[in-house]
Amino acid sequence: MNNVIKSGLKLSLASLFAVAVLSGCSSDEGAQAPQQSQGSSGVTAPAPSQPKVADVKPAEPTAMPKMGEVEQAVADKVEEVKQQAESETAKAVASAKTGSMVYNACVGCHGAAGEGGVGPKLAGQAKEAVMDKLHKYKAGEQVGPMTAMMQPIASGLSDDDITLVAEYIASSFK
Ligand code: HEC
């Protein structure tokens, strides 16, 4: 979209410029008038070399719309492919989510092997016990004295996350 608008703008600026130069050319010297109208229309190309302008500008109107169309088509295709890739990646990630991935958010406080740290030791706890506590934190229930630290983390877990991470803790940490 933007490219089309831009090339359209360039085109109309180019023709504006050509008109300004041509009309300036037919009267006297014309060096002053074109520069003033350029300033107000935002065209910055230097005015004096009129023959050059006449040589260069006619070539652009035929080339630029094509460029715009090609660029638009490429942009559309890129967007389409990108969206396909994104939805497929999202599906793959959702179906490949593991307890180990969920546990990455717990390592800092419970240790890489569930040995405990800021939070209690999780190694050796049964899956059901871990799930039960996580659901309690998530529901806003008081569990231990430091519930306030664990509660916001549990509330960010889905029920599936809780099952996955509890399975992971119970089966991976001894
Ligand atoms: C910011 C540090 C922190 C993070 C991160 C954290 N926890 Fe905790 N966790 C705690 C603290 C502190 C407690 C003790 C809370 C209390 O007193 O009830 C706790 C308690 C627990 C308990 C109860 C343990 C018990 O024996 O009573 C479980 C289960 C648990 N966390 C699982 C997790 C899981 C799973 C994650 C990752 C999704 C996680 N925690 C992330 C700090 C954290």
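We count ligands from 1, going down the list as the structure has it; atoms in each ligand are counted the same way. Just so you know, residue 1 is the first one in the sequence shown, and it goes up from there.
Once rounded to the nearest 0.5 Å, the distance linking NE2 of H110 with CE of M150 reads 5.0 Å. Atoms CZ and CD, from F173 and E115 in turn, are 8.0 Å apart once rounded to the nearest 0.5 Å. With values rounded to the nearest 0.5 angstrom, E86 atom CD is found 7.0 Å from Q83 atom CD.
Considering only non-hydrogen atoms, atom 41 (C) of ligand 1 lies nearest to I153 out of I162, I153, V165. One option in G119, G144, P120 has a heavy atom closer to atom 14 (C) of ligand 1 than any other, and that option is P120. Considering M150, M131, K121 only, the shortest heavy-atom separation from atom 40 (N) of ligand 1 involves M150.
For atom 20 (C) of ligand 1, the closest non-hydrogen atom on the protein side is Y137 OH, 3.3 Å. Closest to atom 17 (O) of ligand 1, if we only count protein heavy atoms, is M146 N, 2.6 Å. Nearest non-hydrogen protein atom to atom 10 (C) of ligand 1 is H110 NE2, 3.6 Å. In this structure, atom 1 (C) of ligand 1 lies nearest to the protein heavy atom C109 SG, 2.8 Å. Nearest protein heavy-atom neighbour of atom 28 (C) of ligand 1: L122 CD2, 3.6 Å.
Under 4.0 angstrom from ligand 1, the non-hydrogen atoms of K133 all belong to its side chain.
Ligand 1 lies nowhere less than 4.0 angstrom from a heavy atom belonging to Y103. The closest approach between any non-hydrogen atom of G108 and ligand 1 is not below 4.0 Å. Using a 4.0 Å cutoff on heavy atoms, Q125 counts as a contact of ligand 1.
Each of D161, V143, I162, I169 was compared with L134 under the side chain to side chain contact (heavy atoms under 4.5 Å, CB included) criterion, and only I162 meets it.
Atoms of ligand 1 found under 4.0 Å from any heavy atom of C106, numbered from 1 in the order shown, are 34 (C), 35 (C), 36 (C), 37 (C), 38 (C), 39 (C), 41 (C).
V130 and V107 fall within the same hydrophobic cluster, where Ile, Leu, Val, Met, Phe, Trp and Tyr residues are linked whenever their side-chain heavy atoms come under 4.5 Å apart, directly or through other members. Both M131 and I153 sit in one connected hydrophobic cluster of ILVMFWY residues. Membership requires side-chain heavy atoms under 4.5 Å apart, directly or through other members.
Residue Q151 comes nearest to K138 through the heavy atom pair NE2-O, 3.9 Å, listed as atom of the first residue, atom of the second, then distance.
Looking only at atom types and distance, the side chain of D160 has no donor-acceptor partner in the side chain of T163 under 3.5 Å away.
Where the criterion is an N or O separation shorter than 3.5 Å, residue side chain and backbone included, V143 fails it with respect to ligand 1.
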- Query: Going through the checks in order, is the side chain to side chain contact (heavy atoms under 4.5 Å, CB included) test met by K136 and T147?
  - Reply: CA-CA 10 Å; K136 281 182 174 154; T147 295; over 6 Å; no

